Number of protein chains: 2
Amino acid sequence: MLSNASKYAIRAVLFLAEKSEMHQKYSAVEIAEALEIPNHFIAKLLQQLAKNHIISSTKGPNGGFYLNAKNLQLKVCDILNVIEIKKVFEGCFLGLPKCSDVNPCPVHHVVAGFREKILVKFEHQTIQEFADEVKLKGTFISHKGLSPSI
Amino acid sequence: MLSNASKYAIRAVLFLAEKSEMHQKYSAVEIAEALEIPNHFIAKLLQQLAKNHIISSTKGPNGGFYLNAKNLQLKVCDILNVIEIKKVFEGCFLGLPKCSDVNPCPVHHVVAGFREKILVKFEHQTIQEFADEVKLKGTFISHKGLSPSI
DNA sequence: TATAAAAAATACTAAATAGTATTATATTAA
DNA sequence: TTAATATAATACTATTTAGTATTTTTTATA
């Protein structure tokens with residue numbers, strides 16, 4: 001459903017959001033290591049996000065990527081609009097050109113419920129709120145260091 | 001989430017299921033036209049399904065593809081196991097390697113509900129039952145002939 | 001002001017998915 | 001037994017996504 005690029009980008013932004021209180025910056029390499037994702041790939045994605053003002057960056061020594069107050073008020077959808085070409089959550093699960101409540105495909109109603117939920121989250125919840133929720137609930141944006149047996 | 005190949009294959013099998021009472025056979029070309037999908041592409045998929053005994057076929061004049069009683073008792077998952085290389089509904093929505101109820105990603109619980117529903121349907125409902133449901137509910141496996149404005 | 005650290009830009013290669021074209025084989029029926 | 005029809009098999013091309021490598025630019029600081 002999401003491309004690897006989008007998955008990496010969302011996790012990277014959540015990583016930066018979690019760290020944003022400390023006002024520290026993180027290099028692409030540090031982020032790649034923390035999330036166990038390809039170094040050069042995430043660097044390119046972060047650059048795209050920075051260019052589109054979804055995240056912030058400064059060059060040079062002690063530079064890196066970070067989120068400012070404005071960035072923290074953006075939504076996951078703002079990330080996806082930069083990374084993903086096509087609208088991810090549009091498009092019928094079975095590929096019908098005009099699938100809708102009126103002309104539903106055989107799984108339309110099963111999918112529609114999920115789509116609604118995830119769309120509300122990604123369109124309305126701010127990155128700040130999302131990151132707070134991650135902290136509160138103790139969910140994971142990386143499995144680094146997790147016991148290999150689990 | 002599903003590849004085009006899987007989408008086409010599921011719709012083609014539902015098409016054949018709907019027609020199975022008439023004991024008529026349908027050529028790849030006829031199926032392609034009815035579902036408005038690429039001719040050669042669906043032909044190749046139908047051949048794969050036939051080779052794996054998911055659907056039935058006979059060559060020659062008046063030949064074509066059809067479903068026998070045994071085929072009608074199969075599940076959508078049986079189709080996917082032939083067409084799709086990787087398990088479609090495994091794998092974390094955000095790409096975490098060990099996402100689970102124990103180590104959930106930030107959207108795990110939103111996704112898990114949907115995944116459960118669609119998986120139950122695709123694993124347990126027979127093609128026959130699925131096709132009956134399509135007929136009963138009047139859902140669409142093609143939008144061919146639908147007014148272009150809708 | 002030279003150096004090093006970091007993003008930014010550019011240009012690739014590789015792999016997976018999507019789709020097309022051609023030829024061979026089987027079967028029916030005239 | 002020949003012609004027509006349809007699947008089966010094989011071999012492609014094109015596009016998208018994923019990932020890598022290299023060079024340029026900016027900037028802090030020694």
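Below, chains carry the letters A, B, ... as their sequence lines are ordered, and counting in each starts from 1. Only a predicted model underlies this, so the values are computations on that prediction, with no experimental measurement involved.
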Donor-acceptor pair (no angle test) under 3.5 Å: A:Q47 side chain, C:dA7 base: no
I'd like a table of donor-acceptor pairs (distance under 3.5 Å, sequence neighbours excluded) in which one partner is a side-chain atom from residues 31-53 of chain B, with atom names and distances.
unit_1, atom_1, unit_2, atom_2, d
B:N52, ND2, B:Q48, O, 2.8

Residue whose nearest DNA chain D nucleotide is more 5′ - A:P61 or A:F41: A:F41
Between [X] and [N], is there a contact of a side-chain N or O with OP1 or OP2 at under 4.0 Å?
X     : N      : result
B:Y8  : C:dA18 : no
B:N4  : C:dG19 : yes
A:S57 : C:dA6  : no
B:N62 : C:dA29 : yes
A:S3  : D:dA18 : yes

Any base atoms under 4.0 Å from [X], or only sugar-phosphate, or nothing? Heavy atoms, all strands.
X     : value
A:K44 : base
A:G63 : sugar-phosphate
A:A43 : nothing

Nearest-nucleotide pick for B:S27, side chain only, options being C:dG19, D:dT7, C:dA7: D:dT7
Sidechain N-carboxylate O distance under 4.0 Å for A:K135, A:E21: yes
Return the value, rounded to whole Å, for the distance between atom [atom1] of [X] and atom [atom2] of [N].
X     : N      : atom1 : atom2 : result
A:K59 : C:dA6  : NZ    : C1'   : 9 Å
B:E84 : C:dA16 : CD    : P     : 13 Å
B:I83 : C:dG19 : CD1   : C1'   : 14 Å

Aromatic centroids of B:Y26 and B:Y66 separated by under 6.0 Å: no
All side chain to side chain donor-acceptor pair (under 3.5 Å) counterparts of B:K121, not counting sequence neighbours: B:Q125, B:E133
